[in-house]
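All chains are named by letter (A, B, ...) in the order of the sequence lines, taking the proteins before the strands, and each is independently numbered beginning at 1.
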6 protein chains.
Amino acid sequence: MVLGNLTWREVRDADRELVCVIPTGSIEQHGPHLPLLTDTLLATKVCELAEERRQNSCLLYPGIWLGCSSHHMAMPGTCTASAGTYIAVLTEVIESSLSHGFRKFLVINGHGGNTEPNGIALRELKAAYNEGFFAHAGYFSLLGDVAAGVLRGPLKSIRHACEAEASMMLHLFPDLVRVGLLRDDGLESDPPAPAGLTVIHHFDEVTEEGSWGYATHADKETGRRLIEAAVAGVVGAIDYLGNGYVFRKS
Amino acid sequence: MVLGNLTWREVRDADRELVCVIPTGSIEQHGPHLPLLTDTLLATKVCELAEERRQNSCLLYPGIWLGCSSHHMAMPGTCTASAGTYIAVLTEVIESSLSHGFRKFLVINGHGGNTEPNGIALRELKAAYNEGFFAHAGYFSLLGDVAAGVLRGPLKSIRHACEAEASMMLHLFPDLVRVGLLRDDGLESDPPAPAGLTVIHHFDEVTEEGSWGYATHADKETGRRLIEAAVAGVVGAIDYLGNGYVFRKS
Amino acid sequence: MVLGNLTWREVRDADRELVCVIPTGSIEQHGPHLPLLTDTLLATKVCELAEERRQNSCLLYPGIWLGCSSHHMAMPGTCTASAGTYIAVLTEVIESSLSHGFRKFLVINGHGGNTEPNGIALRELKAAYNEGFFAHAGYFSLLGDVAAGVLRGPLKSIRHACEAEASMMLHLFPDLVRVGLLRDDGLESDPPAPAGLTVIHHFDEVTEEGSWGYATHADKETGRRLIEAAVAGVVGAIDYLGNGYVFRKS
Amino acid sequence: MVLGNLTWREVRDADRELVCVIPTGSIEQHGPHLPLLTDTLLATKVCELAEERRQNSCLLYPGIWLGCSSHHMAMPGTCTASAGTYIAVLTEVIESSLSHGFRKFLVINGHGGNTEPNGIALRELKAAYNEGFFAHAGYFSLLGDVAAGVLRGPLKSIRHACEAEASMMLHLFPDLVRVGLLRDDGLESDPPAPAGLTVIHHFDEVTEEGSWGYATHADKETGRRLIEAAVAGVVGAIDYLGNGYVFRKS
Amino acid sequence: MVLGNLTWREVRDADRELVCVIPTGSIEQHGPHLPLLTDTLLATKVCELAEERRQNSCLLYPGIWLGCSSHHMAMPGTCTASAGTYIAVLTEVIESSLSHGFRKFLVINGHGGNTEPNGIALRELKAAYNEGFFAHAGYFSLLGDVAAGVLRGPLKSIRHACEAEASMMLHLFPDLVRVGLLRDDGLESDPPAPAGLTVIHHFDEVTEEGSWGYATHADKETGRRLIEAAVAGVVGAIDYLGNGYVFRKS
Amino acid sequence: MVLGNLTWREVRDADRELVCVIPTGSIEQHGPHLPLLTDTLLATKVCELAEERRQNSCLLYPGIWLGCSSHHMAMPGTCTASAGTYIAVLTEVIESSLSHGFRKFLVINGHGGNTEPNGIALRELKAAYNEGFFAHAGYFSLLGDVAAGVLRGPLKSIRHACEAEASMMLHLFPDLVRVGLLRDDGLESDPPAPAGLTVIHHFDEVTEEGSWGYATHADKETGRRLIEAAVAGVVGAIDYLGNGYVFRKS
């Protein structure tokens, strides 16, 4: 079920075991070839396709399009929330529905910069609402081995405005891809950091034009397979939270 | 131009005199007959139609769908932001674009509960960015005399899930209207307050089923005329900020 | 009853149906002819006069003199609170008295810049204390048709340091009016904005000397009549909240 | 000069060496014999009397009447700000005037609960505005040896609604003192704490009726002498900041 | 007992009458002769020595080493928290243990800049947890007459990186004292302020090299006696809270 | 160099290319066999050992011992900061040193719950101080293949109070390990979640006694090798930031 299309009476009568699915994205630069709303479009679309397969066990929320994108702010058009504001938005959406009796929440993220704030929001919600079930994942982290199998360029996972994202956009929103401008970028950008060390960098420091990956290898069919895998992943997560999630101690 | 569809290079090259148009809505109960996302759908659609007429002089942002809806929270499915969080979201969207050189911002609101926070956000932005131009309006406040002219029920303005909103939804999103459940409500709800006094009430105190107005009078053609007037109003506001807005002292 | 003059035992023994009346003002420029504290003086005095007529049904709080005045900050002497701080003050005053069992609150405002924050504070209080009764009004919005009837200049309502405010100050605080400096200002300041559009401006952008209206028409007797109407309006609001306020659904 | 009575032009033309004097008080229980506004009345009156003697070297602000009074909240009528809100109010008042070029600020406090927040506000202001001069004192801490000399009861300093406060109220606001209810209280309330240890207690834990001291010894003439000493102390502080305050390193 | 060394089962089984002792310090300049961590080292060590004497009646927390040190920031190496952050840390530590049933808290401070925030934190905790017992003291305020008795220089109390602090460091951490750089400083720094007036100053305004006092008089044996007195003072405070603290009204 | 042991003059004269190393830990339950301060002890000790090898290229801060531990709060003795407070502490420590000219910061974490807030703090610092270099890592993520090589139990990485943590504590702080209580726990706690999905759980939901892993396999020599690898990892990170870190674009 799609929350925004329902009336309040329909929500009132809905099963409280429904998994509330909240897509999170961004509006931020995606290189010369992809539109600013790419992350929001992909995360939301993946969730919509998953909802079509699990209409009776999930409640789909609109996509949150303002993400944590400070690392892209050097490139115009990007909008960013502070981490505090972003966390507050996600928290207040979920608290609203907790107050109506829902208790299973699945955040599906389309933008790497949101991963940490999503985690923090859900951890603090769990501390406040111990009876709730909270889980999150990047749709891109639910692909299993598919990405490695279908990507043709040297980079075998999703980065930013890369082969994978460009392929999925070609599959779902072909009119929004500037095909003539597809570009490989950011490929040797960083001196290799020691394994396990996270270095904070801005995209204007490590790329030339904002993308990171081999977008010139993008392909519609690759995109179709990635989306199919992502949708399957979200469906699996819905099923896990909806049906199978039970605490068991050793 | 539609911000989300652009690439960062296109924004970089865009005219800084463009009027940034930001729709604000809500996800909240709209009686038994209209969907939760009504305010967001209407405000966003009005802005999209205005953008089509002023592609070269405005930059349309995605609609902010989480509004200040605490007065509707008694009815399930409503989500609400605190005023502080709502203000922070709008502020950070605008600050992002101010940092890229844009300076004309027009917030078009679809939900009464956002009017005060929109005003506060823009006033504090003006205090911080004196060189900016900030304006806001409910699309419903830009109708001029049209509402009074076309509405057929006894209430001659827009209230909530009323004849006007139901008519516009019938015109734009007919599949989302529960026609069989259209209902008049809230009509004698409040003891008449002294003129000029604002009494804070929740919708469950003053309505039976959440709507307020004569939705049974709703009509597709009424909706068409209201939308046309609203779009004309937004176009007028874009023109005012874009071309005509000059400070003149007496 | 005047809260500040009471002892705690007297408050302990007071009726919890009393309407708590809280005046809100500002300390901000009022042109060359009126003192900085004008809004606070007028709102507080109106409430004091109302309290004299309803001693047994209201509890009068001291006036809050720090308002939201960022739009006047270009002119020295103005002090401004951020919206967040202003809202917190009003909220914490009311929460204090809610904790002692009072539940009817009437905020009487003397400064336009406080209207939105007053609304937000009361809405969030209502969300947190559903059993409370919260209402607010500018004293200037309770005048009914009196302003239009008595004002002699071309502007028939209250603006800022205008004929109306100057008249009321002449009536109540004549020593604080710089009669020789009374000035008309801000009269053609703005290019006319489209009806329904709120444009955020600072007073130094739209006036020459900070006032807005035809203060040269100010007159003591006009002030007397306006004050009388304002007091009657506040008395009416007290009576409404104190005696007559009952929720009725259709 | 009294800020609230001035016009903005007069402030614009005022000397930036003026010492801005800000009284801080409270609205809180003061036993059965003194009114809730006692601290605000006394601090403000002391400052007004000081201003009369130093009209050309100080700028007197209205008294801040909402203090940090959580320790009195058990007794109705008390209002309290959180420390954060209280600090924000004082900070924003001072920041407003810093922005207009004033740089010497003297906070005169009438309520013990404000002492720590006053200190914190001024310390954080000093960190942000290194060129400013910030000082604060309870008017009661400026009495020198006078209190010990004039008080007749066993307690030789100011506590709360005690002989000293009751005496000063008898001198300045005799109509607000419930003479028949003057009461000694709180006298053996606490097991003696080790010297130097600050124990946080609420007044309902350590008094019977909210006052702390020997108010039955209160006397108008005692009050006159205390006020005279306090006024002299504030005048001395104004002179110190206004004329004599120079940083000298060893 | 030392909290950090315990396991959770041991805490689970511990007496809830234990006094939780929390040392607070700073990392800030201490002149040319003492290390940045001086305040933290001294406050923590005093508490450790007290804990050794009252193992069965107190629970010692790790020292909080980030203090409110904005007045020392001109000298490199100093780190400062804002008052709000500092208060939040202390508050959340105590709230954590309140949630586990502990209710007696004693904060032992080693840095003057923390005194006010410690007071505010505990006052707000008391307002929220009325059943809790909260007390605080600078270890330096628990010395009774010992400081005056043992200090040999002209200053008979503790100031900053002074004879007293240098002596205690010589006693406890001799390797960290730069004996050759011991220095008298800040001795005539301030024009004498009126008694009772607190003037906010930064240490670079009133000292040459950051210390304030007669450190050249420092002596190991003086340090030993001061520490002994401080430990006795903390032990006395633990006993007071642990055994003797009962509310009694007059 | 160890910051806390330095004087301000020594910091003033230090090279601004020094890498500021900040250990972050927690005080939280670690099963029946390890003390509450385990994470802080290990992270700090690893950094101290690394500092000994790179005295001239790093500046070691005291360990932050209050972590984000809400998921352990069901077990007494745990203290937790909210994410906002934790982030503020780390941010203000780093901002202090940025103001003194340092610009390379390396946060070494000992507690999984701090990973996300560490990331957010550094990302927001990077957004505010674009010229800064910010990196973070769990010391446990710098082990390379060593953990898999030396651990003897079935779990080949670090979890919580597990074989690895118990081994390192046996090596470094043997007196703090309750050897007789070493326990395997949490081993089949969770129904296996889909790969890539992060489920938020509290430790009392998924363990019996708070530890997670095969602590019964703990061994001093294993601990020695893990610590050696961790120290080497931190040294490598210091070298990377200190000498080798240069932005290069493709």
If you count heavy-atom pairs under 4.5 Å with chain C, which of [options] comes out on top?
| options | answer |
| --- | --- |
| Gly144(B), Gly138(B), Ala83(B) | Ala83(B) |
| Pro194(B), Ser70(B), Ala137(B) | Pro194(B) |
| Gly119(B), Gly236(B), Gly233(B) | Gly119(B) |
| Gly113(B), Cys68(B), Ser82(B) | Gly113(B) |

[atom1]/[X] to [atom2]/[Y] distance, rounded to the nearest 0.5 angstrom?
| X | Y | atom1 | atom2 | value |
| --- | --- | --- | --- | --- |
| His136(B) | Leu122(B) | NE2 | CG | 5.5 Å |
| Phe105(C) | Leu90(C) | CZ | CG | 10.0 Å |
| Glu228(C) | Leu49(C) | CD | CG | 9.0 Å |
| Gln29(B) | Ser69(B) | CD | OG | 9.0 Å |

From Glu17(C), Glu95(C), Glu131(C), residue fulfilling salt bridge (charged side-chain N to carboxylate O under 4.0 Å, His left out) relative to Arg103(C):
Glu17(C)
With only heavy atoms counted, which part of Leu125(B) is less than 4.5 Å from chain C, the side chain, the backbone, both or neither?
neither
Which atoms of Ala195(B) are under 4.5 Å from chain C, going by heavy atoms: the side chain, the backbone, both sets, or neither?
backbone
Between Lys126(B) (side chain) and Phe134(B) (backbone), is there a donor-acceptor pair under 3.5 Å?
no
Leu143(C), part contacting chain B, at a heavy-atom distance under 4.5 Å:
neither
Would you call Glu116(C)-Arg123(C) a salt bridge at under 4.0 Å N-O?
no
Counting only non-hydrogen atoms closer than 4.5 Å, can you tell me which residues of residues 71-80 of chain C sit against chain B?
His71(C)
Between His160(B), His201(B), His202(B), His30(B), which is the residue that forms a ring-ring contact (aromatic ring centres under 6.0 Å, His included) with Trp212(B)?
His201(B)
With side-chain contact (heavy atoms from CB on, under 4.5 Å) as the test, pick out the partner of Thr24(C) among Asn109(C), Thr44(C), Val89(C), Ile108(C).
Asn109(C)
